[in-house]
Amino acid sequence: MLDLRVHHVSIVVTDLERSVAFYQRAFGLERLTRPPFKTEGAWLVCHGIQIHLILYPQGTFRAAATIDNNDAHFSFHTRDFYGILDHLLAEGFREDAEEGDPMRLFVIREGLAGFPQLYLLDPDRNIVEINGAP
């Protein structure tokens, strides 16, 4: 295998400060200094992997406010899956929220992957997974 690792994930957002607040509140990410590119954005970090939020007012291509774990998404890994789940529940996210509710969590405690997973939407309907893979 080549000596590669993921450096960053880039996510399109329509309201930069709203998205920064979401990622900081939901996941405790730290904001980094970002070069003064022509396009507005923010850089966040999660254990050395950067999350680049890119302001694009036209938005993403996902029109539905539903969580589809087969659609494009990125994933955070945690060794404390249930601690993260408890944190998100304390922040107001709910498994019993209706489709389209921005606080909806889709949780798979025991699935085919062999480890627990949860999915939620950020404010721009980007799908975010958190898993407890070994």
Side-chain angles (χ1 to χ4, degrees):
M1 177 175 278
L2 297 175
D3 183 19
L4 297 173
R5 63 182 175 85
V6 174
H7 177 268
H8 73 269
V9 174
S10 180
I11 303 167
V12 171
V13 301
T14 58
D15 182 323
L16 186 61
E17 292 310 317
R18 176 186 68 181
S19 293
V20 167
F22 170 84
Y23 282 93
Q24 288 180 321
R25 186 189 86 224
F27 308 119
L29 302 186
E30 177 186 341
R31 194 168 186 165
L32 299 173
T33 301
R34 180 180 183 267
F37 297 122
K38 287 194 290 185
T39 304
E40 288 185 63
W43 288 2
L44 305 169
V45 66
C46 177
H47 294 284
I49 305 296
Q50 295 180 16
I51 308 297
H52 292 186
L53 304 179
I54 307 299
L55 182 63
Y56 185 69
Q58 294 85 348
T60 65
F61 300 105
R62 183 172 293 106
T66 58
I67 297 171
D68 180 351
N69 58 317
N70 294 310
D71 200 344
H73 64 277
F74 73 95
S75 181
F76 291 112
H77 170 265
T78 180
R79 288 182 275 186
D80 185 14
F81 181 83
Y82 290 100
I84 297 291
L85 177 58
D86 288 344
H87 167 76
L88 290 170
L89 293 171
E91 287 292 328
F93 290 91
R94 300 184 350 260
E95 289 183 74
D96 63 350
E98 298 291 325
E99 280 287 352
D101 185 326
M103 301 306 283
R104 183 171 188 269
L105 285 178
F106 175 57
V107 181
I108 304 170
R109 287 173 173 76
E110 294 182 30
L112 294 175
F115 48 82
Q117 300 163 277
L118 68 80
Y119 297 85
L120 65 153
L121 296 176
D122 79 1
D124 288 289
R125 301 181 181 158
N126 294 299
I127 299 170
V128 182
E129 174 186 345
I130 300 172
N131 72 55

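Sorted by first and then second residue, the pairs that involve residues 83-93 and meet side chain to side chain donor-acceptor pair (under 3.5 Å), not counting sequence neighbours, are Arg25-Glu91.
Ile51 is not connected to Ile54 by any chain of hydrophobic side-chain contacts under 4.5 Å among Ile, Leu, Val, Met, Phe, Trp and Tyr, and they are in different clusters. Hydrophobic clustering, with ILVMFWY side chains joined whenever heavy atoms are under 4.5 angstrom apart, groups Phe74 together with Leu118. The cluster map of Ile, Leu, Val, Met, Phe, Trp and Tyr, joined by side-chain heavy atoms under 4.5 Å apart, puts Met103 and Val13 in the same cluster. Tracing side-chain contacts under 4.5 Å through hydrophobic residues (I, L, V, M, F, W, Y), one reaches Val128 starting from Val20; they form part of the same cluster. Phe37 is connected to Val45 through a chain of hydrophobic side-chain contacts under 4.5 Å among Ile, Leu, Val, Met, Phe, Trp and Tyr, so both are in one cluster.
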(message) If you apply the rule side-chain contact (heavy atoms from CB on, under 4.5 Å), what do you find for Ile11 with Asp122, and how did you get there?
(response) CA-CA 10 Å; Ile11 303 167; Asp122 79 1; 3.8 Å; yes
(request) Run the numbers on Leu53 and Trp43 for side-chain contact (heavy atoms from CB on, under 4.5 Å), then give the verdict. (result) CA-CA 6 Å; Leu53 304 179; Trp43 288 2; over 6 Å; no
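Residues Leu120 and Phe93 meet the side-chain proximity criterion, which asks for heavy atoms closer than 4.5 Å. Side-chain contact check for His8 versus Leu44: every heavy-atom pair is 4.5 Å or farther apart. No side-chain heavy atom of Cys46 sits less than 4.5 Å from a side-chain heavy atom of Tyr23. A 4.5 Å side-chain heavy-atom check between Leu105 and Leu88 finds at least one atom pair inside the cut-off.
If you take CD1 on Ile49 and CZ on Phe76, they are separated by 10.0 Å, rounding to the nearest 0.5 Å. His52 NE2 to Ser10 OG: the interatomic distance, rounded to the nearest 0.5 Å, is 7.5 Å. The CG atom of Leu89 sits 6.5 Å away from atom CD of Glu95, with the distance rounded to the nearest 0.5 Å. Expressed to the nearest 0.5 Å, how far CD1 of Ile127 lies from OH of Tyr119 amounts to 9.0 Å. Atoms CD and CG, from Gln117 and Leu85 in turn, are 13.0 Å apart once rounded to the nearest 0.5 Å. For the atom pair CG of Leu55 and CG of Asp124, the computed distance is 9.0 Å after rounding to the nearest 0.5 Å.
At a threshold of 4.0 Å, the pair Arg104-Glu99 counts as salt-bridged, since one of the basic side-chain nitrogens sits closer than that to a carboxylate oxygen.
Residue Glu110 qualifies as open at atom CD: its count of foreign heavy atoms under 6.0 Å is 12 or below. Annotation: Glu40, atom CD; neighbour count of heavy atoms from other residues, nucleotides and ligands within 6.0 Å does not exceed 12.
Considering every non-hydrogen atom in both Pro134 and Phe115, the closest pair reads CD-CD2, 3.8 Å. Leu121 and Phe22 make their closest contact through O-CZ, 3.7 Å (heavy atoms, listed as atom of the first residue, atom of the second, distance). Here the closest heavy-atom approach between residue Gly132 and residue Phe81 is recorded as N-CD1, 3.9 Å.
Under the side-chain contact (heavy atoms from CB on, under 4.5 Å) criterion, Val12 pairs with Tyr56, Thr60, sequence neighbours left out. Scored by the salt bridge (charged side-chain N to carboxylate O under 4.0 Å, His left out) test, Arg34 finds no partners at all (sequence neighbours excluded).
Between the side chains of Asn131 and Thr78, not a single donor N or O lies within less than 3.5 Å of an accepting N or O.
In this structure, the side chain of His77 does not engage the main chain of Ile130 through any donor-acceptor pair within 3.5 Å. Looking only at distances, a side-chain donor or acceptor of His73 sits under 3.5 Å from a matching main-chain atom of Asp71.
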